[in-house]
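Letters A, B, ... mirror the listed sequences (proteins, then strands); counts begin at 1.
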Amino acid sequence: MTLFTPVVSDLNPEQRAAVEHPGGPLLVIAGAGSGKTRVLTARIARLLASGVDPRAVLAFTFTNRAAREMRERIERAVGAAAARALWVGTFHATGVRILRQEAARVGLPRDFAIYDREDQEGVVRDIARRLALPEAGYRPALLLDRISDAKSALVSPAEFERLAPSPFERRVAEVYGLYEAELRASGALDFDDLIARVVALMRDDPEAGARWSRRFAHVLVDEYQDTNHAQFRMVQALAAGHGNLFVVGDDDQSIYGWRGADLSNVLDFERAFPGAALVRLEQNYRSSGNILRAANAVIANNRARKGKNLWSEREDGARLRFALAADEADEARRIRRFLDARAAAGGRYDEAAVLYRTNAQSRALESELRGAGIPFEIVGGVAFYQRREVKDLVAYLRAVVNPADAAAFWRIWNLPRRGLGDAVRARVEARAAAERPVLAPRAALAALVREGALTRAAAAGATDLLALLAELEGMRAGPVEELFARLLERTRYLESLDEEAESAAERRANVEELAAALATVSAREAAGEAEAPGDRLAAFLADAALATDADRLEEGADRVLLLTAHNAKGLEFAAVVIAGLEEGLMPHASALESDSELEEERRLFYVALTRARDEVLLTAAAYRRRFAPGGGMVASGARISRFVDEIPAGLLDRERPAGARPTGRSGDGDGRSPGATAGSRGATHAAVGRVVYHEQFGRGLVLEAEEGSGGLKCTVRFASGVKRVLGRFLSPGGHDDPA
DNA sequence: TGCGTTGACCCTGGA
DNA sequence: GGTCAACGCA
């Protein structure tokens, strides 16, 4: 393949060693900006060039967008036919693909539903209600987090119960068991199942295990540092037959520990795969010398790392800049001015991005940029398929594809209004539970209608619903567009949008976008790409369930991107603004108590910094308005993030705030503590992240500080527990490091 | 009995 | 600013 040769000659020696690795397990430690995507694609291209069947190559990417881009690159190198035959996708998408093929063996309907977070919470909420769990302490989200943790560690409800040390844990185990039963009855899997069920299949079914471990000749994994235990097991099982496992990762960029990512997958790779080779990519091709030095200095503060030193042939470039703003509006203004200045100098907007820790921070930026007429796009927040109107219509499609899908059914059963409410729902659930196996709600409703057990009004509504679903089911074999058009017509969905004021136009546009997305499925079908006729809807729904907002990013539009640091992973920009660099925000308050979580926050900051090629602006706000417990907005002050101070002084220009009150400079009294001056009554030492002393409770760490009617109210972690105390009862607690 | 309204509580990140 | 349960009206 001559197409491919020039690619290899462009590689540095380490990159080439990875690409030309003869076989067997290989761990590539790829620092930020070291060209790992090139290495991965070159590796695949080389495998294909050397005669490996593209159908026998499986590559895991972190996002659907990364999968699409990788496929496109490979297509340019080796042609469309081979690129299409590759298995490239996220763990979840690959899990769906395998499980759809194995549905019968796994005991699933072929078109199983995929429950998203909202569906999951609905299930858990119902269970909690049934068990009469007190709301406080048993929030659905909390229960679900525990269940998800268990699943990504491959712990079953029975095992969970056996290991449960406390009454709370035993309750979780009980909910977990009921949750699993509910999903089974609904023919549904959640995100964690998409991985765990593949592992279980290969472990428990020797024939399937052998077949899939031979199915591929090469397995490749990108962003390996963010795989969890279940994903590790899936990789291990799929590579067991041949041992050709090529993983690329960077321990310094592991930022999904909260989602179960297990860094030991990287650190113990050589133990898990004996004879593994190791290649390090340490030459950075992205960032200027100053940015790279800053990033290296920051990450050097972490202890849990393999250790590496990125170097670059690039010039030093401009120094990084830090600006302390008075509040979040002032911060947004400064960022806007920075963007203005770049534009005035001829820079494109799409070469810049604003990164932040929490999605809520986008609001102030949004209004400032909108007011200034700077084009921007927010990535994240409410993703397209999570919007109400889109979810409503997708729920109809789900109900058509999978009649057992309870979450979808309950979403649409009274939409539009059919006079069906809680009372009827209770009867449906009772009817469903009266049979073994338990009936799907839709079947139970049909039974109630048949038995004449409903009031006239409820029966009329139910009949209308069941007839609509039956009619749509009858259209499944035809074009998806026709089915969708009929759905809109019969539900009068667009008309119902008009009734609700200003957002109607936007919602209507979203419905149209959904229609357009469905049309592309039909087009793919026409081009012979779908697996089998009639599957197009199910395939579309699986894609929709796994789609993220970041996947929709397209090149070419000239706008500034606003996104979380998590979402920025894998991207790069000429100029990067990192906003909200305050203790309690970045690092986030929830991480201040644990060394390992704090190190993860530092890695997140490192990831953010290393997105930049030429220019970095760091910002913080002395006061930030936040929603607080107790209700309403309060101003809360904080210290400047420790991460800013970890950047060597010579690399960083600090700007004074317009009012020039807090200096934000290290070393001059409490100047590092802008929040310290929050209001006249504020105790200067009681800022987030500070160690303080309390007469009664002793030494503690301030987790939160906010201005209340009685002065500065602080949430402080003492040895005896977390307490809420007034700032004036606190005194300085000595050095910053709570032993 | 359904439905609209009110009030309590929440909020890190995301496949 | 958003969600959800409780409440009271039609």
Find the distance [X]:[atom1] to [N]:[atom2] and express it as a whole number of Å.
X        : N      : atom1 : atom2 : answer
A:Arg411 : C:dC4  : CZ    : C1'   : 14 Å
A:Arg197 : B:dA15 : CZ    : P     : 22 Å
A:Gln225 : B:dA15 : CD    : P     : 15 Å
A:Glu121 : C:dC4  : CD    : P     : 8 Å
A:Lys391 : C:dT3  : NZ    : P     : 11 Å
A:Gln386 : C:dG1  : CD    : P     : 21 Å
A:Asp145 : B:dA15 : CG    : P     : 15 Å
A:Trp410 : C:dC4  : CH2   : C1'   : 18 Å

Phosphate OP1/OP2 of C:dG1 contacted by A:Arg363 side-chain N/O (<4.0 Å):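 Answer is no, no contact under 4.0 Å.
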Any A:Thr548 side-chain N or O less than 4.0 Å from OP1/OP2 of B:dG14: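 Checking B:dG14 against A:Thr548, no side-chain N or O comes under 4.0 Å of OP1 or OP2.
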Of the candidate nucleotides [options], which contains the atom at the shortest distance from the side chain of [X]?
X        : options                : value
A:Arg417 : B:dC3, B:dG14, B:dA15  : B:dC3
A:His92  : B:dG14, B:dT12, B:dA15 : B:dA15
A:Thr90  : B:dT12, B:dG14, B:dA15 : B:dA15
A:Glu600 : B:dG13, C:dG1, B:dG2   : B:dG13
A:Asn359 : B:dG2, B:dT12, B:dG14  : B:dG14

Applying a 4.0 Å non-hydrogen cut-off, can you work out what [X] is touching in the nucleic acid: base, sugar-phosphate, or nothing?
X        : result
A:Arg129 : sugar-phosphate
A:Thr564 : sugar-phosphate
A:Asn567 : sugar-phosphate
A:Asp422 : sugar-phosphate
A:Asn64  : nothing

Stacking check A:Phe91 vs B:dA15 (5.5 Å / 30 deg):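 Check failed, A:Phe91 does not stack on base of B:dA15.
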Most 5' of A:Ala423 and A:Leu546 on DNA chain B, judged by nearest nucleotide: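 Taking each residue's closest nucleotide, the earlier one in sequence belongs to A:Ala423.
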Upstream residue (5' side of DNA chain B) when A:Arg139 and A:Arg425 are each assigned their closest nucleotide: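 Taking each residue's closest nucleotide, the earlier one in sequence belongs to A:Arg425.
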With sequence neighbours excluded, residues passing salt bridge (charged side-chain N to carboxylate O under 4.0 Å, His left out) with A:Asp192: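 Scan of A:Asp192 (salt bridge (charged side-chain N to carboxylate O under 4.0 Å, His left out), adjacent residues dropped) gives none.
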Partner set under salt bridge (charged side-chain N to carboxylate O under 4.0 Å, His left out) for A:Asp262, not counting sequence neighbours: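 Salt bridge (charged side-chain N to carboxylate O under 4.0 Å, His left out) check on A:Asp262 returns nothing, list empty.
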Atom CG of A:Asp145: over 12 foreign heavy atoms under 6.0 Å: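 For A:Asp145, atom CG is crowded (more than 12 foreign heavy atoms under 6.0 Å).
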A:Arg197 and A:Glu102 ion-paired at < 4.0 Å: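 Here A:Arg197 does not pair with A:Glu102 in a salt bridge, since their nearest N and O are not under 4.0 Å apart.
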A:Asn359 versus A:Ser362, side-chain donor and acceptor atoms under 3.5 Å: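 Side chains of A:Ser362 and A:Asn359: no pair found under 3.5 Å.
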Whether A:Phe409 and A:Trp413 hold their rings parallel, tilted or perpendicular, with breakpoints at 30° and 60°: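 If you compare the ring of A:Phe409 with that of A:Trp413, the planes turn out tilted.
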